[in-house]
Amino acid sequence: MKFTVKQIGISVLIILACLSLAIFLTVNSIWLFSINIPLLHLTTATGLEPHQLRRDYLQIIQYLQFPWIKSLHFYYFFSSQKGIQHFSDVRHLILFNNLVGLVLVPISGYVLTWLNKKSLTWLLITPIKVVITFSLMIIVMMLINFDQIFIYFHELLFRNNDWLFDPRTDPVINMLPDTFFLECFILFFVIFFGALAIIYWLGHRSLKKIAK
């Protein structure tokens with residue numbers, strides 16, 4: 001089946017919107033951190049109480065999400081200059097994603113509604129299959145060796161080594177173990193696949209309408 005430039009453009013638009021939305025929802029899933037405080041024994045790892053951990057984690061999320069918060073301040077942790085710089089680098093990526101989502105999600109919602117009304121949502125089925133296949137390959141690699149994928153992920157996104165935290169100079173890393181980040185990746189894919197599954201279902205429904 002041949003795809004036109006317009007069809008490819010629409011597919012990329014909607015998939016990028018789903019990607020951006022999944023990132024936004026994952027970053028803001030403060031509940032995931034809360035349930036991990038007892039599960040990962042974070043009070044033991046940091047010497048802090050649950051409410052203290054939640055307070056400083058909220059400080060991180062607010063700094064990452066709100067452009068008007070210019071600097072990151074912890075209540076119970078100290079940080080090195082390299083640690084603060086890494087949070088700043090992450091913040092730039094998060095704010096960029098928020099901007100992308102702010103633009104693409106409403107547009108994609110409109111386009112998807114239009115496609116659905118015209119029974120053309122089936123055009124997205126093949127692109128979704130390709131994206132899901134590629135994503136599953138990444139998930140398998142993560143399950144085989146998450147630590148190495150985690151390193152590649154940081155080397156791809158960051159041009160420095162500031163992400164290599166030393167617990168002695170940046171003890172905040174003690175409340176952010178690798179297992180927590182693995183769960184964040186899993187949550188991201190669950191949300192991303194969930195959004196694609198809805199669109200995939202709409203696509204099959206549009207095929208049934210055409211067949212009638």
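- Judged purely by atom type and a 3.5 angstrom limit, Asn145 uses its side chain to pair as donor or acceptor with the backbone of Gln148.
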Side-chain atoms of residues 77-84: list all donor-acceptor pairs with protein atoms under 3.5 Å, sequence neighbours left out, distances to 0.1 Å.
residue, atom, partner, partner atom, Å
Ser80, OG, Gly83, N, 3.1
Ser80, OG, Asp170, OD1, 3.3
Ser80, OG, Asp170, OD2, 2.6

**OP:** Could you give me the CA-CA distance, side-chain angles and deciding distance for Phe33 and Leu42, then say whether side chain to side chain contact (heavy atoms under 4.5 Å, CB included) is met?
**Re:** CA-CA 10 Å; Phe33 177 77; Leu42 298 185; 3.7 Å; yes

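- The environment of Phe66 atom CZ is dense: over 12 non-hydrogen atoms of other residues, nucleotides or ligands sit within 6.0 angstrom.
- Going from atom CD of Gln7 over to atom OG1 of Thr126 covers 10.0 Å, rounded to the nearest 0.5 Å.
- Using a 4.5 Å heavy-atom cutoff, the side chains of Leu202 and Trp122 are not in contact.
- Using modelled atom types, one finds no donor on one side chain facing an acceptor on the other under 3.5 Å when comparing His41 with Thr43.
- Of all heavy-atom pairs between Gln65 and Leu95, the closest is O-CD2, 3.5 Å.
- Between the CD1 atom in Ile139 and the CD1 atom in Ile132 there is a gap of 9.5 Å [rounded to 0.5 Å].
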**OP:** Just do the side chain to side chain contact (heavy atoms under 4.5 Å, CB included) check on Ile60 and Val172 with the steps written out, would you?
**Re:** CA-CA 10 Å; Ile60 295 174; Val172 67; 4.1 Å; yes

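- Connection of Ile94 to Leu99 is not established within any shared hydrophobic cluster, with ILVMFWY side chains joined at heavy-atom distances below 4.5 Å, either directly or through further cluster members.
- Exactly one residue among Val90, Ile69, Asn28 makes a side chain to side chain contact (heavy atoms under 4.5 Å, CB included) with Leu64. That residue is Val90.
- Remark: side-chain polar atoms of Arg91 are not paired, donor with acceptor, to backbone N or O of His86 under 3.5 angstrom.
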Original post:
Checking ring-ring contact (aromatic ring centres under 6.0 Å, His included) for the pair Trp163/His154: CA distance, chi angles, key distance, verdict?
Top reply: CA-CA 7 Å; Trp163 58 274; His154 280 80; 4.6 Å; yes

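- Phe181 pairs by the ring-ring contact (aromatic ring centres under 6.0 Å, His included) definition with Phe150, not counting sequence neighbours.
- Between Ile15 and Leu124 there is no side-chain heavy-atom pair separated by less than 4.5 Å.
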**OP:** Go through the steps for Phe165 and Phe87 under the test ring-ring contact (aromatic ring centres under 6.0 Å, His included), then give the verdict.
**Re:** CA-CA 11 Å; Phe165 278 33; Phe87 280 114; 5.7 Å; yes

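- Here the CG atom belonging to Asp178 is positioned 6.0 Å from the CZ atom belonging to Phe146, to the nearest 0.5 angstrom.
- Taking every heavy atom of both residues into account, Gln59 and Leu72 meet most closely at O-CD1, 3.7 Å.
- Under the 4.5 Å side-chain heavy-atom criterion for ILVMFWY residues, no single connected hydrophobic cluster contains both Leu102 and Trp68.
- What you find for Phe185 and Met142 is that their closest heavy atoms are CB-CE, 3.3 Å.
- Once rounded to the nearest 0.5 Å, the distance linking OG1 of Thr133 with CD1 of Ile138 reads 11.5 Å.
- You'll find the ring centres of Phe153 and Phe158 outside the 6.0 Å limit.
- Hydrophobic clustering (ILVMFWY, side-chain heavy atoms < 4.5 Å, transitive): Leu187 and Met141 are in one cluster.
- Residues Trp201 and Ile125 form no side-chain contact, since every pair of their non-hydrogen atoms from C-beta on lies 4.5 Å or further apart.
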Subject >> Stepwise ring-ring contact (aromatic ring centres under 6.0 Å, His included) test for His204 and Tyr200 >> reply: CA-CA 6 Å; His204 272 282; Tyr200 190 85; 4.7 Å; yes

Ignoring hydrogens and angles, write down the donor-acceptor pairs under 3.5 Å from the side chains of residues 107-116, residues two or more places apart or on other chains.
residue, atom, partner, partner atom, Å
Ser108, OG, Leu13, O, 3.3
Ser108, OG, Leu104, O, 2.8
Thr113, OG1, Gly109, O, 2.7
Asn116, OD1, Thr121, OG1, 3.4

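- Residues Leu123 and Ser11 are not in side-chain contact: their nearest non-hydrogen atoms beyond the backbone lie 4.5 Å or more apart.
- Side-chain contact between Tyr76 and Leu53: absent, with no pair of heavy atoms (C-beta onward) separated by less than 4.5 Å.
- Closest heavy-atom contact between Ser135 and Phe189: CB-CE2, 3.9 Å.
- In this structure, OG1 on Thr44 lies 12.0 Å from CD1 on Ile37, to the nearest 0.5 angstrom.
- Both Ile14 and Phe134 belong to a single network of hydrophobic side chains, linked directly or stepwise wherever heavy atoms of I, L, V, M, F, W or Y lie under 4.5 Å apart.
- Rounded to the nearest 0.5 angstrom, Leu93 CG and Leu157 CG are separated by 6.0 Å.
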**OP:** Please test Ser20 against Asn98 for side chain to side chain contact (heavy atoms under 4.5 Å, CB included), starting from the C-alpha separation and ending with a verdict.
**Re:** CA-CA 7 Å; Ser20 178; Asn98 291 351; over 6 Å; no

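- Every residue was checked against the side-chain hydrogen bond (donor to acceptor under 3.5 Å, both in side chains) condition with Thr46, not counting sequence neighbours, and none meets it.
- The side-chain contact (heavy atoms from CB on, under 4.5 Å) search around Asn36 returns Leu32, Leu39, Leu40, Phe180, Glu183, not counting sequence neighbours.
- Considering every non-hydrogen atom in both Phe188 and Ile23, the closest pair reads CE1-CG1, 3.7 Å.
- Residues in residues 54-76 take part in no salt bridge (Lys or Arg N to Asp or Glu O under 4.0 Å) pair, two or more places apart or across chains.
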Original post:
Hey, mind stepping through Ser206 and Leu120 against side chain to side chain contact (heavy atoms under 4.5 Å, CB included) and telling me if it holds?
Top reply: CA-CA 6 Å; Ser206 70; Leu120 293 173; over 6 Å; no

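- Tracing side-chain contacts under 4.5 Å through hydrophobic residues (I, L, V, M, F, W, Y), one reaches Trp31 starting from Leu58; they form part of the same cluster.
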